[in-house]
Amino acid sequence: MARAYDVQTVEKKWQARWQDEGTYEVDNDDPRPAFYALCMYPYPSGPAHQGHVRNYTFGDLVVRYQTMRGKAVLSPLGFDSFGLPAENAAIRTGTHPRVFTDARIAELKESLVRLGAVYDWRREVRSHDPSYIHWTQLIFLRLLKAGLAYRALAPVNWCPGCQTVLANEQVLADGTCERSGDVVVTRDLEQWFFKITSYADELLSGLDTLEWPERVKVMQRNWIGRSEGAEIDLAVAGRPDVTLRVFTTRPDTIFGMTYAVMAPEHPLVDELTTAECRAAVEELRARVASETEIERTASTEGGPALEKRGAFTGSHVVNPFSGEKVPVYVADYVLMGYGTGAIMAVPAEDQRDWAFARLHGLPIVRTVEPPEGWEAQGGAAYSGDGVKVNSGFLDGLEVAEAKEVAIAHLEREGRGRRKVNYRLRDWLVSRQRFWGCPIPIVHCPVHGAVPVPEDQLPVLAPDDVEFLPTGQSPLAHHEGFKRTVCPIGGEPAERETDTMDTFVDSSWYFLRFCDPFDDEAPFGAAAVVHWMPVDQYIGGIEHAILHLMYARFFTRALIDVGLAPPELPREPFSRLFTQGMIRMDGSKMSKSKGNLIAPARYYESVGADALRLFHLFVGPPADDFDWTEQTDEVIEGCGRFLDRLWRLAEVAGEAGRSGALREADVELRRATHRTIQKVTSDIERWSYNTAVAHCMEQVNLLRDYAREDPHADVLGEALDALLHLLAPMAPHVTAELWEHRHGDRLHARSWPGFDPALVAEETVTMVVQVDGKVRDRLDVPATISDDEARARALASARVVEAVGAAPPARVIVRAPRLVNVVTTTA
RNA sequence: GCCCGGAUGGCGUAAUCGGCAAACGCGAUGGUCUCAAAAACCAUUGUCCGCAAGGGCGUGCGGGUUCGAGUCCCGCUCCGGGCACCA
């Protein structure tokens with residue numbers, strides 16, 4: 001499309017200026033009030049896509065707006081530059097991951113600069129920089145020293161496609177890998193873990209203090225999965241030496257326990273299985289072991305496999321309240337990873353136990369009276385509230401009371417105790433990959449896993465490695481890297497060849513940004529206390545659980561191990577905004593789906609300002625957006641709007657009546673100040689789409705005004721205000737127009753205020769309704785009294801006609817906006 | 001199954017505290033300019049009845065509260081997302 005100005009030249013000119021003049025560089029001793037604006041650490045996948053554009057447009061708006069509000073805005077950017085794609089590319093093409101990654105970073109950076117997004121690039125960090133690796137490794141060692149990192153043999157999720165271990169969170173609900181889609185299998189390996197579960201309660205309660213989208217908080221709460229209940233030690237009949245420990249959230253139902261179940265992996269299975277039952281139990285265990293996560297959980301998906309599959313062990317446990325002996329089963333519906341890996345089964349009050357009991361002919365005893373008609377509807381487990389029955393000393397109590405009494409009873413008898421369980425598991429950080437931060441550990445035959453001394457950090461991966469699809473890190477095949485000596489005794493030893501999950505890197509980068517030049521420590525105490533917490537964090541909803549949880553954990557852990565000062569706020573991100581994603585043909589726009597629309601073509605045609613404006617205007621920032629064939633037309637519409645602005649500014653340069661203000665001049669000034677008010681409040685409440693709409697409305701108004709003998713001062717004031725309001729949204733064209741008019745820098749100026757006297761309306765349109773239907777509109781003074789409003793409404797000819805002869809039953813007056821004349825008495 | 005969102009013109013959407021439904025934009029239609037086209041500009045654009053003035057209807061469906069409901073309450077339908085043997 002033909003444009004009113006040379007978009008390319010103007011945009012590139014200002015991008016160079018902001019960089020050369022260091023407009024958005026900020027020092028730690030800046031006296032202005034600190035404001036930390038941050039977009040989530042991007043993985044460098046090449047040139048930006050529309051999802052990035054949207055994200056960084058919002059972020060840039062915040063940075064420029066808060067700067068104009070007089071803040072010292074910390075606006076850093078770096079790159080989450082470790083990760084699988086670079087390594088996969090290396091296997092495919094032979095290019096070293098560093099070379100590949102640096103090229104992708106250059107592309108992403110270039111396209112963000114071209115968008116006009118501004119950062120203090122002096123602070124840029126990259127996860128794969130040796131300096132960053134150094135501090136990530138130091139943090140690992142300090143967590144280890146404090147007991148927050150440990151090594152354990154654990155069943156892990158192994159993805160055959162990625163040839164690596166995955167965190168639980170990287171396995172989708174259907175048992176496939178979130179990245180490759182392969183079916184994940186279980187393997188036992190020695191792995192490093194971070195003890196995030198120590199912080200479960202604090203991570204849960206801390207959510208209440210945060211200005212985050214409610215749904216993100218809900219997701220985190222569900223993920224932590226706190227549940228209160230009791231742990232019970234069940235006596236095994238005829239085996240005084242063994243107890244079976246179970247967890248329940250329903251200690252009130254103990255009288256209804258008619259059997260117990262152990263997970264197939266439970267360590268006591270061998271112990272409790274009798275000779276006669278061994279064959280069936282072994283068969284079950286073998287089948288479960290060979291099953292994938294999907295197959296094992298498929299039994300809940302409905303269909304023929306709905307039954308709960310299990311086998312009797314031949315042993316019995318004693319119901320601690322009734323004293324009855326009940327059978328112990330092994331069944332695949334009990335998971336080793338939660339609670340104690342064993343349960344007391346109460347079929348009457350738990351649907352899973354119900355299904356299993358029915359299948360195996362086990363007794364079902366209700367301990368809560370179900371509501372009227374429950375049995376008539378076919379009967380099933382009833383897990384709701386009610387009155388206890390068949391429960392000895394609990395009979396007659398409500399469920400909540402009965403829980404308390406039951407726990408007290410267990411504790412008195414020493415058979416159990418109150419217990420809180422979490423769904424949250426410790427964070428598995430080991431990855432059998434090359435392109436990640438090496439774990440700084442040496443394995444010595446004498447001293448075991450020995451930390452690399454801190455003065456020998458960083459441990460860097462060698463460059464001369466071969467990238468082969470072997471399923472192990474290339475580091476494991478590199479003798480030069482692997483062979484070393486024990487730091488303690490000097491014995492020949494091997495380096496750990498696993499690397500860390502890349503979520504480790506992104507769990508502390510926001511702290512490094514505060515003090516990226518520090519070569520004595522990850523960051524200085526004063527710097528992080530000055531900038532933290534992040535005042536506005538912006539990113540995608542896809543990080544609602546993992547990244548945000550890990551970063552919250554790390555911030556706390558770093559304080560507790562002494563790497564961060566105790567004054568550092570324990571919550572790193574006080575305000576979070578999660579933008580909607582961009583969809584195309586129903587699925588998320590992403591590189592892996594191959595449905596990217598590169599911004600470059602828009603930079604070259606309509607320009608970055610128009611593209612930014614489009615992303616702001618198209619809908620609420622938090623909502624998803626569908627990219628369709630019509631989208632280009634909307635983007636061009638945004639370009640047209642900027643053209644109109646440009647032409648308006650040209651006219652305003654020449655225009656010129658002076659002297660006393662007329663009615664129309666005053667009206668325009670009122671509109672100008674109202675626009676300032678509306679746009680300001682829209683920006684504050686993340687309503688960018690309406691902020692743009694109000695600017696468009698003002699341009700339309702201004703265009704009409706400029707045609708009809710405008711007053712130079714009034715037109716100038718209006719245009720200048722508009723340029724300020726649009727400065728954070730369309731920074732290039734506004735900076736250029738401002739320079740033409742005044743010669744200095746728009747973005748260095750203060751955000752405009754409005755005159756409350758001008759914002760207040762003088763006359764308003766009063767709506768007169770008869771029985772709720774609009775019958776007339778009257779122009780009245782804004783200060784009109786209720787009596788006067790009523791009188792004027794009733795005097796309206798159209799109202800008189802609608803009301804008819806009978807006197808109105810009632811008149812509702814809401815001066816000065818509305819009068820409703822009610823004629824019916826009903 | 002449980003927990004969150006959402007549903008408004010042909011389309012994206014607006015209505016911030018229960019008070020004029022549809023601001024702003026896209027598209028469409030007609031016009032001005034032009035040899036012509038593009039661009040730009042002007043006008044119309046929820047729907048039905050009407051020459052018009054004007055009026056009826058209208059925010060997924062069914063009820064309710066209220067002088068008044070897109071907005072609040074109850075019961076549904078459909079769409080999207082999260083969790084899903086967590087004891």
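Numbers restart at 1 for each chain; the letters A, B, ... are given by sequence-line order, proteins then strands. Model, not experiment: these values are computed from the prediction.
A tilted orientation is assigned to the rings of His615(A) and Trp627(A), their planes being inclined by 30° to 60°.
Not a single donor-acceptor pair under 3.5 Å links the side chain of Arg775(A) to the backbone N or O of Val768(A). Counting only distance, with no hydrogens or angles, the side chain of Glu349(A) and the backbone of Val368(A) share a donor-acceptor pair below 3.5 Å.
Taking a pair to require two hydrogen-bonding distances under 3.5 Å in either a Watson-Crick or a G-U wobble arrangement, rG58(B) remains unpaired. Across all strands shown, rU34(B) forms no Watson-Crick or G-U wobble pair with both key distances under 3.5 Å. The partner of rC78(B) is rG6(B), judged by Watson-Crick or G-U wobble contacts that both fall below 3.5 Å. With a cut-off of 3.5 Å on both pairing distances, the Watson-Crick or G-U wobble partner of rA43(B) is rU29(B). Base pairing of rA15(B) is not made with any nucleotide, judged by Watson-Crick or G-U wobble geometry with both donor-acceptor distances under 3.5 Å. In this entry rG1(B) has rC83(B) as its Watson-Crick or G-U wobble partner, both defining distances falling under 3.5 Å. The partner of rU66(B) is absent, by the rule that a Watson-Crick or G-U pair needs both atom distances under 3.5 Å. Remark: rA52(B) base-pairs with no nucleotide in the shown strands. Criterion, Watson-Crick or G-U wobble with two distances under 3.5 Å.
If you check every strand for non-hydrogen atoms under 4.0 Å, Asn421(A) touches nothing. Gln769(A) comes within contact range of at least one nucleobase, with a heavy-atom separation under 4.0 Å. Among the heavy atoms of the strands, none lies under 4.0 Å from Asn222(A). Within the 4.0 angstrom heavy-atom criterion, no nucleotide atom of any strand lies near Thr628(A). Among the heavy atoms of the strands lying under 4.0 Å from Arg707(A) are primed sugar atoms or P, OP1, OP2 only; no base atom is included.
For Asp350(A), whose side chain is taken as the heavy atoms from C-beta onward, the closest listed nucleotide among rG19(B), rU16(B), rA87(B) is rA87(B). For Arg703(A), the side-chain atoms get nearest to rC42(B) when compared with the rest of rC67(B), rC42(B), rG25(B). If you check rG56(B), rG19(B), rC3(B) against the side chain of Val218(A), the one that comes closest is rC3(B). Taking the side chain of Arg777(A) as heavy atoms from C-beta on, and the options rA15(B), rC20(B), rG25(B), the nearest nucleotide is rC20(B). Out of rC83(B), rA87(B), rC67(B), the shortest distance to the side chain of Arg810(A) is found at rC67(B). Between rC20(B), rA87(B), rG19(B), one nucleotide has an atom nearer to the side chain of Thr765(A) than all others, and that is rC20(B). Here the nucleotide nearest the side chain of Gln630(A), chosen from rC11(B), rC83(B), rC20(B), is rC11(B). Side-chain proximity of Arg215(A) to rC20(B), rC4(B), rC83(B): nearest is rC4(B). Distances from the side chain of Thr248(A) to the nucleotides rA87(B), rG56(B), rC20(B) place rA87(B) closest. Considering only the side chain of Val767(A), rC20(B) comes nearest among rC41(B), rC20(B), rG56(B).
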Ring pair (Phe, Tyr, Trp, His ring centres under 6.0 Å) between Tyr550(A) and Trp223(A): does it pass, once the steps are laid out? CA-CA 12 Å; Tyr550(A) 292 151; Trp223(A) 194 259; 9.3 Å; no

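Taking the O4'-C1'-N9-C4 or O4'-C1'-N1-C2 dihedral as appropriate, rC17(B) has a value within 90° of 0 and is therefore syn. Shown here, rG9(B) is classed syn by the O4'-C1'-N9-C4 or O4'-C1'-N1-C2 angle, which is within 90° of 0.
The nearest whole Å value for the distance from the CD atom in Glu697(A) to the P atom in rG25(B) is 8 Å. Across the protein-nucleic acid pair, Asn689(A) atom CG and rG12(B) atom P stand 14 Å apart, rounded to whole Å. For the pair Arg647(A) CZ and rC41(B) P, the computed distance is 6 Å after rounding to whole Å. Rounded to an integer number of Å, the gap from NE2 of His615(A) to C1' of rG25(B) is 16 Å. Taking atom CG of Leu701(A) as the reference point, atom P of rC24(B) lies 10 Å away to the nearest angstrom. The distance between atom CZ of Arg644(A) and atom C1' of rC24(B), rounded to the nearest whole Å, is 11 Å. Atom-to-atom, CG of Leu818(A) to P of rG68(B) comes out at 13 Å; the value is rounded to the nearest Å. Rounded to a whole Å, the CG atom of Leu335(A) is 11 Å from the C1' atom of rA84(B).
Comparing Met219(A) and Val692(A) by the nucleotide of RNA chain B whose heavy atom lies nearest to each, the residue mapping closer to the 5' end is Val692(A).
Checked against the 6.0 Å centroid criterion, the rings of Tyr688(A) and Trp686(A) qualify as a close aromatic pair. Aromatic rings from Phe356(A) and Tyr329(A) are positioned such that their centres are separated by under 6.0 Å.
The same atom, P, is picked in rC73(B) and in rA23(B); the two are 28 Å apart, to the nearest Å. Taking the P atom of each, rC41(B) and rC78(B) are spaced 47 Å apart, rounded to whole Å. For the P atoms, the distance linking rA22(B) with rA38(B) amounts to 33 Å, nearest Å. Comparing rA52(B) with rC26(B), their C1' atoms sit 32 Å apart, to the nearest whole Å. For the C1' atom pair drawn from rA14(B) and rU65(B), the interatomic distance equals 27 Å after rounding to whole Å. Atom C1' of rU77(B) sits at a distance of 34 Å from the matching atom of rA87(B), rounded to the whole Å. The separation of rC83(B) from rG12(B), taken at their P atoms, amounts to 28 Å, rounded to a whole angstrom. Nucleotides rG54(B) and rC72(B) are separated by 34 Å at their C1' atoms, to the nearest Å.
Atom CD of Gln50(A) sits about 5.5 Å away from atom CD1 of Ile582(A), to the nearest 0.5 Å.
Between Lys773(A) and rC57(B) there is a side-chain N or O to OP1 or OP2 distance below 4.0 Å. One finds a side-chain N or O of Arg798(A) lying less than 4.0 angstrom from the OP1 or OP2 phosphate oxygen of rG55(B). Using a 4.0 Å cut-off, some side-chain N or O of Arg640(A) falls inside it from OP1 or OP2 of rC26(B). The shortest distance between the side-chain N/O atoms of Thr690(A) and the OP1/OP2 oxygens of rU16(B) is not below 4.0 Å. Regarding contacts with the backbone of rA84(B), a side-chain N or O of Arg423(A) is found under 4.0 angstrom from either OP1 or OP2.
Asn421(A) and Ser227(A) are not linked by any side-chain donor-acceptor pair at a separation below 3.5 angstrom, with hydrogens and angles left out of the test.
Between Arg415(A) and Asp233(A) no salt bridge is recorded (no basic side-chain N to carboxylate O distance below 4.0 Å).
Taking every heavy atom of both residues into account, Arg792(A) and Pro781(A) meet most closely at NH2-CD, 3.5 Å.
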